[in-house]
2 protein chains.
Amino acid sequence: MSKNVKKIDIFNKLRSSGLRPTKQRVEIAKYLFEREKTFHFTVESLDKLLEKKTTSKFALATIYNTVHAFKDAGHLSEVEVRGKKTYFDTNVSDHHHFYDSENSELIDIDANEILIQKIPKAPNGKKIKNVEVFINLKN
Amino acid sequence: MSKNVKKIDIFNKLRSSGLRPTKQRVEIAKYLFEREKTFHFTVESLDKLLEKKTTSKFALATIYNTVHAFKDAGHLSEVEVRGKKTYFDTNVSDHHHFYDSENSELIDIDANEILIQKIPKAPNGKKIKNVEVFINLKN
DNA sequence: TCCTTCTTTATAATAATTCTAAAGTAAATA
DNA sequence: TATTTACTTTAGAATTATTATAAAGAAGGA
C-alpha cells in the first residue's frame with residue numbers, strides 16, 4: 001500500500017464522515033489509524049506524541065475537537081465509563097454495577113447475579129486483581 | 001439497637017481502623033453506615049446531603065479526607081474505574097479491557113475471550129445498552 | 001475569486017480534586 | 001490534671017482535565 005493510497009484512504013474516511021480533511025485532522029488521523037495494532041491513548045498522551053512525532057503544532061483544544069469528531073464518526077471508541085466523578089459505595093463486598101447515564105445513577109448487582117464462564121489469562125508478569133462488570137443502561 | 005449502642009459501634013469502627021473519632025468523622029460515619037440499604041454517592045452529593053441533613057458544617061476537603069480515610073480502612077469501596085482521564089481506543093469493535101493501574105495502561109480483550117453466562121435483567125423501564133468488563137491487574 | 005461555513009487557535013471558564021499552612025482537637029505524657 | 005505531641009479540620013489556593021468563547025484562518029462551492 002503506497003503512501004498515496006493511504007492518503008486517499010484518510011481523505012475518504014474523513015469525507016465520508018462529513019469531516020473536512022483539514023491539515024490537522026489528516027495528520028492526527030494518519031497518526032491514529034495507519035498502524036497495525038490498536039492504539040489506546042488519552043488526549044494528554046496523544047498531544048505529547050504528536051508533538052514528538054510530527055512537525056506541526058496543534059492546539060490542545062483541536063486535539064479534543066478532533067478526537068471527539070472521530071469518536072462521533074465511529075472511528076474511535078471512548079473508554080470513559082464513569083465520567084469525571086468518583087463514586088463511593090457502602091457495599092464493600094465483591095459486586096458489580098448497573099450504570100444509568102441518564103441520571104448518573106449506580107445500582108448494585110450482587111456478585112452471584114453475574115456468572116462469567118470464560119476469562120483470559122492475565123498478561124505476563126501480571127495477576128488479576130479483580131473483575132468489574134458494568135452494565136450500561138439506556139431507556 | 002439503641003442509639004447508644006450505635007454510637008459505640010461507630011467509635012469502635014473508627015478506633016479499630018486507626019482513625020480518631022472526631023466530631024466530623026463520627027457524623028459522616030453515622031450518616032453513611034447507619035442505614036439498611038447500601039448507599040452510593042459522590043463527594044459532591046454527600047456534601048449536599050450532609051448540609052441538608054445535619055446541623056454541622058463540613059469543609060469540602062474534610063469530606064474528601066474522611067471518605068478516603070474510610071475507603072482506605074475498607075469501609076467504603078470506590079467505583080472509580082479509570083481515574084480522571086478518558087481513554088480512547090482505535091478498536092471500535094465490541095470488546096473488553098485489562099486495566100493495569102501500575103502504569104495506567106489499557107489492554108484490549110477480544111469480545112469472544114470473555115463469556116458471560118448469567119446476567120441480571122435491566123431495572124424497570126430500562127434496557128441494557130452494553131456490558132463492559134474490566135479486569136484490573138496487579139503485579 | 002468571493003462568500004459562506006466550518007475549523008483552528010489562544011485564552012478564559014468550569015469542575016473535580018488535591019495541596020497548603022494555620023488553627024483546632026484528641027490522645028499521650030508528665 | 002496540665003502540657004505536649006500528633007493528628008485533623010479548615011479556608012483558600014493550586015492543579016488537572018475538559019469545555020466554552022470569540023476571533024482569525026482555511027475549505028468548498030457559486
Spacing between [X] atom [atom1] and [N] atom [atom2], to the nearest angstrom:
X     : N      : atom1 : atom2 : answer
A:H68 : C:dT7  : NE2   : C1'   : 17 Å
A:E27 : C:dT9  : CD    : P     : 11 Å
A:L14 : D:dA27 : CG    : P     : 13 Å
A:L50 : C:dT9  : CG    : C1'   : 16 Å

From the options [options], select the nucleotide whose nearest atom is closest to the side chain of [X].
X     : options                : value
A:E44 : D:dT9, D:dA17, D:dG28  : D:dA17
B:A61 : C:dT11, D:dG12, C:dA27 : D:dG12
B:R20 : C:dT9, D:dA26, D:dC7   : D:dC7
B:Y64 : C:dT7, C:dA16, D:dT9   : C:dA16
A:T62 : C:dT9, D:dT9, D:dT10   : C:dT9
B:V43 : D:dT18, C:dT17, D:dG12 : C:dT17
B:A59 : C:dA10, D:dT10, C:dT18 : D:dT10

- Task: Can you see which heavy atom on B:F98 is nearest to which on A:P120, and at what distance?
- Result: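 That closest heavy-atom pairing would be CZ-CG, 3.8 Å.
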- Task: Indicate the atoms forming the closest heavy-atom contact of B:L50 with B:T54, along with that distance.
- Result: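 Residues B:L50 and B:T54, closest heavy atoms: O-OG1, 2.8 Å.
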- Message: Regarding A:E44 and A:K48, does a basic nitrogen lie under 4.0 Å from an acidic carboxylate oxygen?
- Response: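 Yes.
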- Mapping A:L60 and B:L60 to their closest nucleotides on DNA chain C, which lands nearer the 5' end?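 Going by which nucleotide is closer to the 5' end, it is A:L60.
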- Item | Donor on one side chain, acceptor on other, A:K126 and B:N139, under 3.5 Å |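 Side-chain D/A pair, A:K126 to B:N139: present.
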- Query: B:Y31 ring centre to B:K53 NZ or CZ under 6.0 Å, with the angle to the axis within 45°?
  - Reply: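 Relative to the ring axis of B:Y31, which defines the angle, B:K53 lies outside at least one limit.
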- Query: Is there a donor N/O on one and an acceptor N/O on the other, under 3.5 Å, for the side chain of A:R25 and the base of C:dT7?
  - Reply: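 A donor-acceptor contact between them is absent.
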- Give B:T22 one of three labels, base, sugar-phosphate or nothing, depending on what nucleic acid heavy atoms sit under 4.0 Å from its own.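 Sugar-phosphate, no base atom in range.
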- Query: So, is A:Q24 near the phosphate of C:dT9, with a side-chain N or O under 4.0 Å from OP1 or OP2?
  - Reply: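 A:Q24 to C:dT9 OP1/OP2: side-chain N or O found under 4.0 Å.
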